Participant: 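Sharing a structure, written as structure tokens. Questions coming.
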Amino acid sequence: MDFEESSSTKLASREFLAVVLAGFGNELLPLTSDHGDEPCPKALLPIANRPMIDYPLTWLEQSGITEVLLICPTAHRSRISHHIHSDTSSSSYPSLHVDVQTYDETQNLTVGTCTVLKHFSHRIQQDFVLLPCDFIPPAGLTLTSLLNKYRIESHLDGAIVTACWYQAQRPEKGAVPEDWGSAPTAIPIVWDRQSGTLLHVDTLDDLDRNGEELELRMSLLSRYARTSLSSRYQDSHVYVCKKSVLDVLHRKAEFDSFREEFVPWLCKLHYQRTKQQKYSKTLQPSQANVSQVLALRHSTLYSGLTYGGHHPPDDSTDSPTHKPMPLSGPPSPIGHIDDGIPAVSLRVGLIVHEGGFAGRANNLPTLLELNRHFLSLTTYALPTDPENRSLINVKSQISNDSMVGTSTKVGERTTIKRSVIGKHCVIGRSVRIVGCILLDHCVVGDGAKLDGSILGKNTKVGAKAELVRCLTQAGYEVDAAGSFKHEKLEISDWTAGRDEDAGNEESDSGGDDETDEEE
Amino acid sequence: MTKAERRELQERQRAAKATGKTAAPPPPVNAKPGASRPSQPPTPASPAPKRGSQARGTAPAGATTGKGAKDAKSVAEDAVVRSRGLRIFSHFALQRTVAHAKGDVHPAIVHLGLMFAEFKVSGANARCIATLSVFKQVIQDYTTPTHNTLTRHLNTHLSVQISHLVSARPMAVTMGSAIRQLKLEISGSDIDLPEQDAKDALCHKIDNYIRDRIIIADQVIQETATKKIHDGDVILTYARSSVVENVLLEAWEEGTRFSVYVVDSRPMLEGKRLLSVLVAASIPCTYLLLPALGSVITEISTVFVGAHSIHSNGAVYSRAGTALVAMMAKQHSVPVVVCCETYKFSEGVQLDSFTKNELAPNGDLFSSFPLTRPRGSLTLQNQTNLEILNPLYDLTPPSSITAVVTEVGVIPPDSISSIPLALGRQV
């Protein structure tokens with residue numbers, strides 16, 4: 001046998017490494033609380049009956065990246081690894097090579113993303129793309145366009161990171177009850193439209209220091225005379241970074257969160273001269289683009305000035321980062337190209353994506369919105385294969401804008417509207433489900449009414465129970481004829497309630513942590 | 001019957017015969033007369049565009065089956081006509097860069113393709129140097145697969161990279177000459193050399209090529225051309241050529257005092273960049289757009305232009321607009337000097353700029369419009385009744401050129417084909 005395994009086949013794929021971070025999902029409690037002993041990872045929570053992590057992974061696949069490093073908590077490793085490497089047709093990634101690594105953290109003591117990255121920086125040997133597991137990309141945006149912008153800018157200009165912000169959807173008032181959490185707050189950013197550079201991101205520290213004003217440096221404004229300021233956009237947490245960014249990260253030990261602290265700090269490198277001088281050596285270890293200097297000198301559309309045009313006069317004559325490259329003088333033979341290296345800008349590029357529906361499903365309102373968005377895109381059709389078809393009773397009414405998973409049994413005279421029902425559920429007779437999300441394996445008794453609720457996996461709802469805008473933890477059992485409005489139902493309350501009267505139960509809305517309990 | 005109608009009939013009969021032979025699907029036969037009939041009335045008196053649109057060229061639709069090439073081209077043409085595509089120059093409609101590189105393309109080539117497609121690196125010399133530099137990287141990263149030799153396999157490996165570059169932007173003549181020379185060196189390299197030595201030797205040869213045929217050639221051209229510039233001269237140049245720019249700067253540094261008129265045109269507005277460089281060197285300049293040329297041509301003493309490539313019949317293939325400048329200058333007896341290295345020489349004969357050309361992409365690649373105008377009001381995109389056409393190159397006939405300055409001497413345009421002889425058949 002002749003294996004033609006030439007290393008050159010791996011050339012293109014070695015360009016980028018995708019780093020996908022899967023966290024606990026503390027904002028999605030109780031959906032992400034444990035189901036008995038087993039954890040419910042946030043990454044596997046379904047949106048429109050597909051696990052959340054499918055979306056960024058298919059997005060990656062389409063852009064041609066093949067190496068993926070997936071970092072998740074130790075407790076979630078087996079489930080996530082099983083999902084990714086299993087061969088089911090719905091979730092197979094033929095061209096992705098996913099390496100699942102774990103990081104020790106517990107649900108109570110979450111670690112910042114910077115720490116996690118520093119821990120795994122030895123595994124990252126090339127330019128990388130940092131992605132969250134919960135980003136649902138908008139339909140019009142491809143990762144390739146983000147990568148292309150990074151490729152061009154890092155070679156031409158010395159840009160270090162390319163970020164992506166998308167237009168946030170404001171959910172309507174009253175669509176989500178208040179104690180489910182609110183949509184993420186709007187963060188004002190300042191960016192330059194013409195060159196696509198991110199200039200300033202308001203951090204929480206800035207907000208604490210001065211909540212009413214936005215403080216900008218004059219050096220920013222003197223470099224970029226025309227900038228845009230907006231708070232309409234949300235950070236997608238997709239960053240295409242140079243490898244040397246990790247070296248800078250190691251030098252800054254005080255940063256905990258990549259998105260909240262490190263990226264706003266990186267934006268400042270571009271126009272704050274002291275920071276630039278301190279870190280330019282780390283960020284540009286080798287003159288990798290020296291080979292293109294000669295070509296650029298001959299290029300007809302290149303004028304040798306960096307973005308922002310005006311350079312403040314600099315008295316240090318030997319720092320190559322500040323001299324605008326002149327094109328005068330005869331080009332020297334290629335042996336002597338030390339002079340006139342184009343100024344490296346160390347800027348953070350930005351793509352602002354308008355239109356399309358996108359979201360980060362790390363909080364409940366966005367999760368609901370995303371489900372609703374995907375429902376609006378599909379129309380329901382009764383399943384074609386006879387086995388599934390027989391499970392759905394003829395006399396049930398399933399509206400066009402619902403989604404029902406495979407092998408779900410629906411009883412007669414049941415109405416399902418605007419809902420997502422997972423796989424292997426059992427819905428009894430005369431049930432009314434409006435605007436709900438039922439995860440897999442739920443059991444709903446006859447005559448129950450569910451309105452605007454999210455039921456975790458394996459939830460059992462007794463007969464004639466009524467749930468209005470409730471959230472249940474996986475494995476919860478609602479008693480027959482129970483009635484709950486606007487509550488988060490967790491198993492700890494349920495076992496506590498078991499000891500009391502079996503009639504009405506009071507439950508705290510998410511006050512205590514969940515505890516492992518056996519029946 | 002007019003000439004055009006007769007040609008139509010001939011085409012129809014030829015197409016019918018061809019479909020009978022190659023058993024192509026019936027639609028082309030039916031559609032072709034239908035398509036050619038609407039194209040007939042608008043161009044009854046201009047056979048040239050018709051000839052151009054039926055000439056060989058890359059079919060925008062992609063795959064052709066070789067033998068049915070004419071039919072497939074007509075299918076592609078029909079598709080373009082039906083989709084209200086361009087009536088002329090449709091045979092080099094822009095191809096978009098593929099999302100994934102086909103085959104095993106080095107990331108540096110992907111970057112380079114992006115730079116080409118976005119016009120970050122443009123100009124014949126710049127593209128050639130960039131390509132060769134990236135090829136050095138590719139060669140260094142290359143490992144010979146087992147059961148194969150470097151001399152045999154490296155060429156195929158490079159061909160994959162080259163096809164990716166060509167999909168980003170059509171190949172320049174300079175790139176073609178350089179690549180031909182490189183492939184010659186590769187196939188001529190010693191089979192017994194250890195791999196790293198062979199690779200180093202190739203990189204060294206690439207460096208030598210850049211140094212000899214571009215850098216040093218540019219210096220020789222500068223020395224020769226600066227002799228043609230005298231004190232008090234008024235020089236005219238068009239758009240931006242790296243060679244002409246160096247000539248002007250060198251002449252100024254030597255102490256000759258002259259002034260420059262920079263003529264520019266949309267959409268690339270390269271003259272603006274040249275202007276910024278010349279003004280930085282304190283050369284007195286005037287900037288004008290191409291339509292204003294007639295008003296100033298009487299004051300000009302010499303015209304210096306660059307070239308993308310130069311052909312055996314002496315025609316110069318250069319940025320669109322150069323032909324106008326050259327012809328107008330000739331009309332007013334102003335000498336036109338083309339500064340061009342010998343590696344830009346192309347063996348073929350080019351008679352017009354329809355058969356081979358390139359269209360600039362629509363959209364705001366060159367940021368040529370002022371920022372103060374609202375973006376929506378500026379015509380940058382095609383609309384239902386408007387197609388935007390920006391050919392990038394045109395052909396200057398040899399009759400309008402006074403002299404070509406190369407590194408082997410100053411040559412009248414009729415003797416261009418003697419360049420290979422002068423170089424000892426190295427081209």
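Being a predicted model, the structure only gives us computed values, none of them experimental. Convention: sequence-line order gives letters A, B, ...; per-chain numbering from 1.
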Participant: For A:Arg123, give me all partners under side chain to side chain contact (heavy atoms under 4.5 Å, CB included), at least two apart in sequence or on another chain.
Facilitator: A:Leu69, A:Asp99, A:Gln101, A:Phe120
Participant: Using side-chain heavy atoms (C-beta onward) and a distance below 4.5 Å, is A:Leu301 in contact with B:Met268?
Facilitator: yes
Participant: Please identify each residue that fulfils side chain to side chain contact (heavy atoms under 4.5 Å, CB included) with B:Thr131, with sequence neighbours left out.
Facilitator: B:Leu112, B:Phe116, B:Phe135, B:Leu165, B:Met175
Participant: Could you tell me the separation between the OG atom of A:Ser299 and the CZ atom of B:Arg240, rounded to the nearest 0.5 Å?
Facilitator: 7.0 Å
Participant: Is there a side chain to side chain contact (heavy atoms under 4.5 Å, CB included) between A:Arg151 and B:Met115? Walk through the geometry before answering.
Facilitator: CA-CA 9 Å; A:Arg151 283 170 179 143; B:Met115 302 266 240; over 6 Å; no
Participant: Measure the spacing between NE2 of A:His298 and OG of B:Ser122 and express it to the nearest 0.5 Å.
Facilitator: 13.0 Å
Participant: Before you tell me yes or no, could you show the steps for B:His111 and A:Ile152 under side chain to side chain contact (heavy atoms under 4.5 Å, CB included), namely the whole-Å CA-CA distance, both residues' side-chain angles and the distance that decides it to 0.1 Å?
Facilitator: CA-CA 7 Å; B:His111 292 204; A:Ile152 291 181; over 6 Å; no
Participant: When you compare the side chain of B:Leu274 with that of A:Thr300, does any pair of heavy atoms fall below 4.5 Å?
Facilitator: no
Participant: Once rounded to the nearest 0.5 Å, what's the spacing between atom CG of A:Leu296 and atom CD1 of B:Ile129?
Facilitator: 10.0 Å
Participant: Heavy atoms only: give me the nearest A:Ala295-B:Ala126 pair and the separation to one decimal.
Facilitator: O-CB, 3.2 Å
